[in-house]
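Written below as structure tokens is the structure these notes are about.
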Amino acid sequence: SRRGGGRAPYPSHKGAGQGLPFDCKLPPKARDIPKTWLVGYNGKACADGHSAAIDLHLNVKILPLTLDTLGCLLTPAGHIVMYVNRLEVARVDFGGLGLPLIDTQGPRAGGV
């Protein structure tokens, strides 16, 4: 979420990035944040300023007003895996899409 609380600026996007200092100005689109990888951004996977269409069918039933648990995992191979209620629902291989790979060495921040 943003500094000071409230809703996150990009609540429907999942991804991993290096993180940004609180005093920096965010670009208008999450996909424009440097060193950021996103999944499900308007049917795309975005990676460090590049994007590719993905066929993301989650095959999961999320009911309105229920408490579902969402998760995001960055694997050592650099894939982003999405979970709903502890079940894997999507796995994105950025290299397989021709996008820049995620450098998995060093600290990373994730968001769901």
Side-chain angles (χ1 to χ4, degrees):
S1 66
R2 294 180 295 207
R3 190 167 109 187
R7 291 183 57 162
Y10 310 105
S12 64
H13 309 129
K14 288 63 169 158
Q18 289 181 319
L20 298 169
F22 284 119
D23 60 350
C24 74
K25 181 171 172 59
L26 290 174
K29 304 268 186 193
R31 67 174 182 235
D32 297 329
I33 299 172
K35 301 291 182 192
T36 298
W37 287 259
L38 303 167
V39 175
Y41 192 82
N42 293 327
K44 297 179 183 177
C46 300
D48 200 17
H50 301 84
S51 65
I54 56 174
D55 188 20
L56 189 62
H57 297 286
L58 297 179
N59 294 329
V60 66
K61 191 175 210 176
I62 298 177
L63 301 174
L65 305 175
T66 62
L67 297 176
D68 292 300
T69 303
L70 305 177
C72 179
L73 171 70
L74 173 60
T75 70
H79 302 161
I80 289 184
V81 184
M82 296 169 46
Y83 296 90
V84 175
N85 298 328
R86 298 184 180 180
L87 298 174
E88 182 177 324
V89 296
R91 179 178 295 256
V92 177
D93 172 8
F94 288 90
L97 294 170
L99 297 173
L101 298 175
I102 301 173
D103 178 8
T104 58
Q105 301 302 310
R108 295 290 173 255
V112 176

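As a basis for the values below, the full set of heavy atoms in this structure was taken, side chains included, without hydrogen atoms, waters or symmetry mates. Owing to the predicted nature of the structure, the values given are computational and were not obtained by experimental measurement.
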Donor-acceptor contact below 3.5 Å, side chain Asp48 vs main chain Thr36: no
Closest approach of Leu97 to Ala45 (non-hydrogen atoms, all atoms of both residues): CD1-CB, 3.8 Å
Shared hydrophobic cluster, Tyr83 / Ile54 (ILVMFWY, side-chain heavy atoms < 4.5 Å): no
Shortest non-hydrogen contact from Ile102 toward Gly78: CD1-O, 3.6 Å
same_hphob_cluster(Leu74, Leu99) at 4.5 Å side-chain heavy-atom cutoff: yes
Nearest heavy atoms of Phe94 and Pro100, plus distance in Å: CB-O, 3.7 Å
Common cluster, Trp37/Leu70, ILVMFWY with side-chain heavy-atom separation under 4.5 Å: yes
Nearest-0.5 Å distance, CG of residue Leu73 to CE of residue Met82: 12.0 Å
Taking every non-hydrogen atom, the tightest pair across Ile80 and Cys72: CG2-SG, 3.7 Å
Cluster link Val39 to Val89, ILVMFWY, side chain under 4.5 Å: yes
